[in-house]
Amino acid sequence: MNLEKEFLEATIERLHEAMRAGRLTCEALIRMYLERIERYDQKGPKINAVIQVNPLVLEQAKALDAAFELGGLSGPLHGIPVLLKDNVDTSFMPTTAGCKALIGATPDEDGWIVKRLQAAGAVILAKMNLHEFAVWGETVSSVLGQTLNPYDLTRTPGGSSGGTGAGIAADFGVIGIGTDTVNSVRSPASACCLVGFRPTLGLVSRSGIVPYSLTQDTAGPITRTVEDAVKTLDALVGFDPLDPLTA
């Protein structure tokens, strides 16, 4: 079976249907996206969206497949690959915020968003480029340089979450996470023909996000469909004692 041909731009529900039918595993899905990243991010069109692939991603995918064999889907996002803006903390890989000064800086623990995604069964596939420290509406960083728009390589993918937007548009993953202080989820969603949603402050915790403006920062999904955006947002919401606004 040609996985890429069958599951190009697949939704969460379609992928879960294939898993339940025994036609797809999380490991096979992750390998498909890793191959696409290898072909298109630094080769071919050179989208230049991926700062780092999760070094544990295949190990985590195999663990999810083992859990599925025992009890079916482990959560509403079981086995779904996530493209995470690289200003969200991860304990298993560095968080650079797009700045060379933070290369190799690995947080002690995962941010709230990462914990919620993993609790829902999702897999962090890669951390994505952003405008440095998320302070502008393009996507240029000292870590990776300029990310390109997959639909027109002469144009910006928007920003500051443009690495996430470009990655979802190029089908490097299924769901993406951006952060939005002024327009940084909605801009790449618009530029890359995607769905982006900026939640009300307090709906999604800000803990574990490199801050830009604590009175305006929030995080939200960037996906191909409204349905997938809703499913992703549902996984993120909740009370976090580290962020009093979530009360």
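Heavy-atom minimum distance, P188 versus G165: CB-CA, 4.2 Å. Looking at every heavy atom in both residues, Q60 comes nearest to N54 through OE1-ND2, 2.9 Å. Considering all non-hydrogen atoms of both residues, L144 and V50 come closest at CD2-O, 3.6 Å. Closest non-hydrogen pair, V237 versus D234, comes out as CG2-O, 3.5 Å. Listed here is the closest heavy atom pair of D41 and A49: OD1-N, 2.6 Å. Counting all heavy atoms, side chain and backbone alike, L77 lies closest to A235 at CD1-CB, 3.7 Å.
Residues E6 and R14 are in side-chain contact: their nearest non-hydrogen atoms beyond the backbone lie under 4.5 Å apart. The shortest side-chain heavy-atom distance between T232 and F197 does not fall under the 4.5 Å cut-off. Here the side chains of T95 and L102 are not in contact, with every heavy-atom distance at 4.5 Å or above. A 4.5 Å side-chain heavy-atom check between Y40 and E35 finds every atom pair outside the cut-off. Side-chain atoms of S91 and D108, non-hydrogen and from C-beta on, never get closer than 4.5 Å to each other. In this structure, V114 and D89 have side chains that are not in contact, with every pair of non-hydrogen atoms separated by 4.5 Å or more. Annotation: side chain of L233 is in contact with side chain of V204 (closest heavy-atom distance under 4.5 Å). Counting heavy atoms from C-beta on, the side chains of L203 and T218 never come closer than 4.5 Å.
Partners of T200 according to the side chain to side chain donor-acceptor pair (under 3.5 Å) rule, which considers only residues two or more places apart in sequence or in another chain, do not exist here.
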Take W112 and L242 through the side-chain contact (heavy atoms from CB on, under 4.5 Å) test and state the conclusion after the steps. CA-CA 9 Å; W112 166 268; L242 296 178; over 6 Å; no
Show the numbers, then the answer: is there a side-chain contact (heavy atoms from CB on, under 4.5 Å) between Q118 and D110? CA-CA 10 Å; Q118 291 178 330; D110 296 326; 3.5 Å; yes
Does the side-chain contact (heavy atoms from CB on, under 4.5 Å) test come out yes or no for D228 and T225, once each step is laid out? CA-CA 5 Å; D228 282 0; T225 68; 3.3 Å; yes
Stepwise, does the salt bridge (charged side-chain N to carboxylate O under 4.0 Å, His left out) test hold for E109 with K115? CA-CA 9 Å; E109 63 177 296; K115 292 177 182 177; 2.8 Å; yes
Determine, stepwise, if the pair T25 / K62 fulfils side chain to side chain donor-acceptor pair (under 3.5 Å). CA-CA 9 Å; T25 65; K62 290 174 183 177; over 6 Å; no
Do F68 and C26 pass the side-chain contact (heavy atoms from CB on, under 4.5 Å) test, and can you show the C-alpha distance, the side-chain angles, and the key distance before you say yes or no? CA-CA 9 Å; F68 181 84; C26 179; over 6 Å; no
Applying side chain to side chain donor-acceptor pair (under 3.5 Å), run through T147 and T139 and close with a yes or a no. CA-CA 6 Å; T147 296; T139 300; 5.5 Å; no
Before you tell me yes or no, could you show the steps for Q216 and T181 under side chain to side chain donor-acceptor pair (under 3.5 Å), namely the whole-Å CA-CA distance, both residues' side-chain angles and the distance that decides it to 0.1 Å? CA-CA 5 Å; Q216 290 180 241; T181 303; over 6 Å; no
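A salt bridge between R206 and D243 is present, with a side-chain N of the basic residue lying under 4.0 Å from a carboxylate O of the acidic one. Between R186 and D180 there is a salt bridge, since at least one side-chain N of the basic residue sits less than 4.0 Å from a carboxylate O of the acidic one. For R224 and D171, the salt-bridge test passes: some basic side-chain N is under 4.0 Å from an acidic carboxylate O. The pair E13-K231 meets the salt-bridge criterion, since a charged nitrogen lies less than 4.0 angstrom from a carboxylate oxygen.
No hydrogens or angles considered: a donor-acceptor pair under 3.5 Å links the side chains of S160 and K85. Using modelled atom types and a 3.5 Å distance limit, the side chains of T215 and S213 yield a donor-acceptor pair. For the residue pair D240 / S205, a side-chain donor-acceptor distance below 3.5 Å is found, with atom types taken as modelled. In this model, a donor atom of one side chain and an acceptor atom of the other lie less than 3.5 Å apart for N87 and T179. Looking at Q146 and N48, their side chains never bring a donor and an acceptor atom within 3.5 Å of each other. A donor and an acceptor atom, one from each side chain of D86 and T96, are located under 3.5 Å apart.
Atom CG of N149 sits about 4.5 Å away from atom SG of C192, to the nearest 0.5 Å. From I168, atom CD1 reaches atom OG of S161 across 11.5 Å, with rounding to the nearest 0.5 Å. Here R39 contributes atom CZ and F172 contributes atom CZ; the two are 9.5 Å apart, rounded to the nearest 0.5 Å. Atom CD of E69 sits about 12.0 Å away from atom CG of L64, to the nearest 0.5 Å. I103 contributes atom CD1, which lies 11.5 Å from atom OG1 of T106 (distance to the nearest 0.5 angstrom). Here the CG atom belonging to L125 is positioned 11.5 Å from the CD atom belonging to Q52, to the nearest 0.5 angstrom.
No donor-acceptor pair closer than 3.5 Å links the side chain of R198 to the backbone N or O of V185. Formation of a donor-acceptor pair under 3.5 Å by the H131 side chain with backbone atoms of G137 is not found in this model. A side-chain donor-acceptor contact under 3.5 Å links D217 to the backbone of Y212.
Clustering ILVMFWY residues whenever any of their side-chain heavy atoms sit less than 4.5 angstrom apart, transitively, puts Y151 in a cluster other than the one holding L83. Connection of I113 to L201 is not established within any shared hydrophobic cluster, with ILVMFWY side chains joined at heavy-atom distances below 4.5 Å, either directly or through further cluster members. Hydrophobic clustering of Ile, Leu, Val, Met, Phe, Trp and Tyr side chains at less than 4.5 Å, counting indirect connections, unites M32 with L34. Connection of I175 to L73 is established within a shared hydrophobic cluster, with ILVMFWY side chains joined at heavy-atom distances below 4.5 Å, either directly or through further cluster members. In the hydrophobic clustering of this structure, L8 does not group with M19; members are Ile, Leu, Val, Met, Phe, Trp, Tyr whose side-chain heavy atoms approach within less than 4.5 Å, directly or through other members.
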